[in-house]
*Asks:* 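Dropping the structure in here first, questions after.
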Amino acid sequence: MSLTVNIYYTGTNGNARKFAEEMTSSGLVEAIRAEEGNEKYAYYFPAEDPETVLLIDRWRDQAALDIHHKTPMMAQIFALLEKYNLKKRVERYVEAPKTND
């Protein structure tokens, strides 16, 4: 049962996009994608809001996400969030169990 977390990062002066670009260029994105249980880690740029970046982050289950949250990468991510002075809004979605209907 997958768990999807949508994180909206919002800033000013293009900082949300710069954050996503640095996450990618630093190798953090590829490292997260390589983690056991990661199913998707992708940034999207809403056309109607140039100061926001959407991260869609999907994990096999809560346990995999919990392990990710304990990695040293999280300190690097938080440092970049501070560097770019971003606010975030989080939405969580849990895949419904499959039925035999």
Side-chain angles (χ1 to χ4, degrees):
M1 179 168 27
S2 292
L3 169 68
T4 299
V5 181
N6 290 352
I7 305 174
Y8 297 85
Y9 296 108
T10 303
T12 58
N13 301 316
N15 280 347
R17 186 176 287 268
K18 291 173 192 172
F19 164 79
E21 290 169 354
E22 188 165 346
M23 285 287 296
T24 302
S25 68
S26 69
L28 281 169
V29 169
E30 284 305 313
I32 293 166
R33 287 177 180 156
E35 286 184 80
E36 178 67 29
N38 183 265
E39 297 177 349
K40 182 175 187 169
Y41 194 92
Y43 291 105
Y44 297 90
F45 305 97
E48 70 281 358
D49 185 357
E51 295 299 340
T52 295
V53 170
L54 166 62
L55 168 63
I56 299 179
D57 190 16
R58 187 171 60 233
W59 295 85
R60 176 185 60 232
D61 53 28
Q62 183 64 51
L65 180 58
D66 290 345
I67 290 169
H68 165 67
H69 284 157
K70 293 177 183 175
T71 65
M73 287 182 279
M74 291 306 296
Q76 294 173 280
I77 295 168
F78 287 130
L80 288 176
L81 288 171
E82 187 173 315
K83 173 182 176 179
Y84 291 107
N85 193 31
L86 299 179
K87 295 178 181 171
K88 66 181 180 175
R89 180 173 55 91
V90 179
E91 299 172 343
R92 292 174 46 98
Y93 302 94
V94 178
E95 184 179 297
K98 297 192 188 305
T99 62
N100 294 330
D101 293 344

*Asks:* I'd like to know if L54 and L65 are part of one continuous hydrophobic network [Ile/Leu/Val/Met/Phe/Trp/Tyr, side-chain heavy atoms within less than 4.5 Å].
*Replies:* no
*Asks:* Which residues pass the side chain to side chain contact (heavy atoms under 4.5 Å, CB included) test with E30, not counting sequence neighbours?
*Replies:* R33
*Asks:* Could you grab the distance from atom CG of N38 to atom CD1 of I67, nearest 0.5 Å is fine?
*Replies:* 12.5 Å
*Asks:* Quick one: does N13's side chain have a donor or acceptor within less than 3.5 Å of a partner on N15's backbone?
*Replies:* no
*Asks:* Linking I/L/V/M/F/W/Y whenever their side-chain heavy atoms sit closer than 4.5 Å, directly or via other members, would L3 and Y8 fall into one cluster?
*Replies:* no
*Asks:* First locate atom CD1 of I77, then atom CD1 of I32, and finally report the distance between them rounded to the nearest 0.5 Å.
*Replies:* 4.0 Å
*Asks:* Which value, rounded to the nearest 0.5 Å, describes the distance between I56 atom CD1 and Y43 atom OH?
*Replies:* 12.0 Å
*Asks:* Write down the atom of A16, the atom of G11, and the distance for their closest heavy-atom approach.
*Replies:* CB-N, 4.3 Å
*Asks:* Restricting to non-hydrogen atoms, name the atom on P46 and the atom on V53 that form the minimum distance, rounded to 0.1 Å.
*Replies:* CD-CA, 4.4 Å
*Asks:* Drop me the distance from T10's OG1 to N85's CG, to the nearest 0.5 angstrom.
*Replies:* 11.5 Å
*Asks:* Would you find a donor on one side and an acceptor on the other, under 3.5 Å apart, between the side chain of E91 and the backbone of I7?
*Replies:* no
*Asks:* Given R58 and E95, is the side-chain contact (heavy atoms from CB on, under 4.5 Å) satisfied, shown in steps?
*Replies:* CA-CA 10 Å; R58 187 171 60 233; E95 184 179 297; 5.8 Å; no
*Asks:* Can you tell me how the ring of Y9 sits relative to the ring of F19, calling it parallel under 30°, perpendicular over 60° and tilted otherwise?
*Replies:* tilted
*Asks:* Quick one: closest heavy-atom pair of A64 and E36, and the distance?
*Replies:* CB-O, 4.0 Å
*Asks:* Examine F45 and L81 and state if one hydrophobic cluster contains both, with Ile, Leu, Val, Met, Phe, Trp and Tyr joined whenever side-chain heavy atoms are less than 4.5 Å apart.
*Replies:* yes
*Asks:* Mind checking ring-ring contact (aromatic ring centres under 6.0 Å, His included) for Y84 and listing every partner two or more places apart, or none if nothing turns up?
*Replies:* none
*Asks:* Tell me which pairs pass salt bridge (charged side-chain N to carboxylate O under 4.0 Å, His left out) where either residue lies in residues 7-21, with sequence neighbours left out.
*Replies:* none
*Asks:* Would E39 and S2 count as a side-chain hydrogen bond (donor to acceptor under 3.5 Å, both in side chains) here? Give the steps.
*Replies:* CA-CA 8 Å; E39 297 177 349; S2 292; 2.5 Å; yes
*Asks:* Roughly how far, to the nearest 0.5 Å, is the CD atom of Q76 from the CE atom of M74?
*Replies:* 10.5 Å
*Asks:* Can you measure from CE (M23) to CE (M73) and round to the nearest 0.5 angstrom?
*Replies:* 9.0 Å
